Amino acid sequence: MSELQQLHAHTIKLGLSTDTDTMGQIIKFCSASKNGDLEYALKVFDGIPNPDVFLYNILMKGFWRMASRPRDAIVLYLRMLHDAITPNSFTFPCVIRACCVDSAVREGRQVHAQVLKFGFGEDVVSSNNLIHMYVNFLSLEEARRVFDKMPSRSVVSCTTMITGYARSGFVDEALEVFESIPEKSSVLWNSMVAAFVQTGHFHGAFALFERMLDEKVVLDKFIAATVLSACAGSGALGLGKWIHFYIQSNEIELDPKLASAIIDMYCKCGCLEKALEIFNGLPSKGLSAWNSMIGGLAVHGKGDAAVKLFMEMEKEKVAPDHITFLNVLTACAHSGLIEEANNYFEHMMDFYGIKPRIEHFGCMVDLFGRAGMINEAMEIIEGMPMTPDASVLGALLGACRVHGKVELGERIGMEAIDLDPSNSGRYVLLANLYASAGKWQDVAEVRKLMNDREVEKIPGFSAIELDGNISKFVAGDRNHPESELIYAKVDAVLESIRKVGYEPDINEVLHDLSGEDIETPLCYHSEKLAIGFGLLKSKPGETIRIYKNLRICRDCHCAAKLISEVFSREIIMRDRSRFHHFRSGECSCKDSW
DNA sequence: ATAGGGTTAG
């Protein structure tokens, strides 16, 4: 910047201080390069009597890109029109983006009209930015209308559309757009893999990734991060390790996001030690790496370690963000650290000035709910500055179910269901709550409501990976080719733990939280089939890792503890909300989940 | 003439 100022002084001496082209270069440097200075650019701009369209464009770019002042970019555009300067094809991408990041919906639509008025309706870049803007406004129909009207769509148009569909959960529409363009770039491939991941279609993500490798598309750091998140989401450790190895052997740069994706993958696939090893080995730990590691310790029930790591982070002067606190609070919730959570909740607001979001309140509700402090949980909900959403109420409903608060749970459950009628979990929770109180009539009514509304039940499954192959089991499943053997093993295993006191809890069958089919005998729940298969196929002493998409049921939890003791096996099971490490007859969750 | 668009973690 200092060299630039010297140069600027020089140009003034030469009498060029009002020369548009020369000043254009100076403003371009100030408002478009990394170490520029927007204020300086503004001063220079103000000294120019008749700025041309290039000057306006480049300064608008500076406003939204360098200074995050999108509003000023929009104002500058208005001034430009007022000065009767005709916009060109470079003008609109800037203004549209400014409307987009400023969430200026009304202005955005007006700018769209002007794009057409000035004759840039067929400009590819302007159209792509319009699509991006409407996607950001969550107005997929308008985005699609722009997309459909384009005389020639680029691969960028498709990528933007796919990303938009994915964010709103429309994976089929995304796939249709993906297949519609023959020349696929690696960015496009990545956006489609990410679309599968974001919508929870991990299988689709892996299948597309394989197809991508077949077509010899280069596996870059973006795709690596996306596939790692798919591995994290589905517990696919084998593939996750493969990607990690690939990154190392191809010397792909470990940027903060990629490092965080690797750590998160190891955490979510049950390898906490490996995650710590990578975390500790990072030459410089970005905020994202700290966040992932704290979050990992949280879901593994290591609240103390998570809190300690957070303190270390403060010592290293890394500024935490709202995710850091979400993870710290989650850690406290899963370890029953009530006082610490209260302190950090305050600390976040008072010391760091971070306003709690709805997720933070949800976390506090969960914390008190798990600890059976229902009144405190209620107080959190009543004190929230925003309307509680279904997930906050769902957390309280879960607590009511566990602690037998039938009346409150009934009221909260109804509210949560009304707010999000398509979420099957809340119906199941409410039905379980009624069942535990013996209110069978109400159980039947909830079931009927669910049927009438055609709410899709998520089938519970347990998955186990052995030698890189993933086997999936649902309750009472006989589809596995070795199913005879597996069932015999399960029977034998249950017999041997019965000798040390296992008794199937018949009463719990009707109101467990696992979402397994109620008709299936407890002894063939998917968790037990997966454990049986694991014992059958692995060597003595090897750790058994299981992934369950819903929450583990109470009876399976009890059985797993005993199995870990009788068979001297460590069993690491990830369920919907956390990890359970079964070892020597005990579980790391200390029976509160 | 100069300049513009899409992808990844928590």
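Quick caveat, the model's predicted, so the values are computed rather than measured. Here is the naming used below: chain letters follow the sequence lines, and residue numbers restart at 1 for every chain.
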Inset, instruction - Could you list by number each residue of residues 170-192 of chain A showing a heavy-atom separation from DNA chain B of less than 4.0 Å, or answer none if no residue does? - result: Ser185(A), Val187(A), Leu188(A), Asn190(A)
Legend entry - Within residues 313-325 of chain A, residues whose heavy atoms come under 4.0 Å of DNA chain B: Asp321(A), Ile323(A)
Inset, instruction - Would you please indicate yes or no on a ring centroid separation below 6.0 angstrom for Phe196(A) and Phe206(A)? - result: no
Legend entry - Near-ring test His347(A)/Tyr352(A), centroid separation under 6.0 angstrom: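 Tyr352(A) vs His347(A): aromatic centres under 6.0 Å.
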Legend entry - Nearest non-hydrogen partners of Ser154(A) and Asn128(A), listed with the distance: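 Taking Ser154(A) first and Asn128(A) second, the nearest heavy atoms are OG-ND2, 3.5 Å.
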Inset, instruction - Not counting sequence neighbours, which residues clear side-chain hydrogen bond (donor to acceptor under 3.5 Å, both in side chains) with Ser234(A)? List them please. - result: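 In terms of side-chain hydrogen bond (donor to acceptor under 3.5 Å, both in side chains), with neighbours along the sequence ignored, Ser234(A) is linked to no residue.
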Mind checking [X] for me? I need base, sugar-phosphate or nothing, with any heavy atom below 4.0 Å counting as a touch.
{"X": "Ser127(A)", "answer": "nothing"}
{"X": "Val155(A)", "answer": "base"}
{"X": "Gln198(A)", "answer": "sugar-phosphate"}

Inset, instruction - Would you check if Tyr56(A) and Tyr77(A) make a side-chain contact, meaning some heavy-atom pair closer than 4.5 Å? - result: no
Show every donor-acceptor pair shorter than 3.5 Å between a side-chain atom in residues 299-307 of chain A and any protein atom, with sequence neighbours excluded, or say none if there are none.
unit_1	atom_1	unit_2	atom_2	d
His300(A)	ND1	His581(A)	NE2	2.8
His300(A)	NE2	Cys267(A)	O	2.9

Legend entry - Terminal contacting nucleotides, 5' and 3', DNA chain B versus chain A (heavy atom, 4.0 Å): dA1(B) to dG10(B)
Legend entry - side chain to side chain contact (heavy atoms under 4.5 Å, CB included) partners for Ala224(A), two or more places apart: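 Ala224(A) satisfies side chain to side chain contact (heavy atoms under 4.5 Å, CB included) with Leu219(A), Ile243(A), Ile247(A), Leu258(A) once adjacent residues are dropped.
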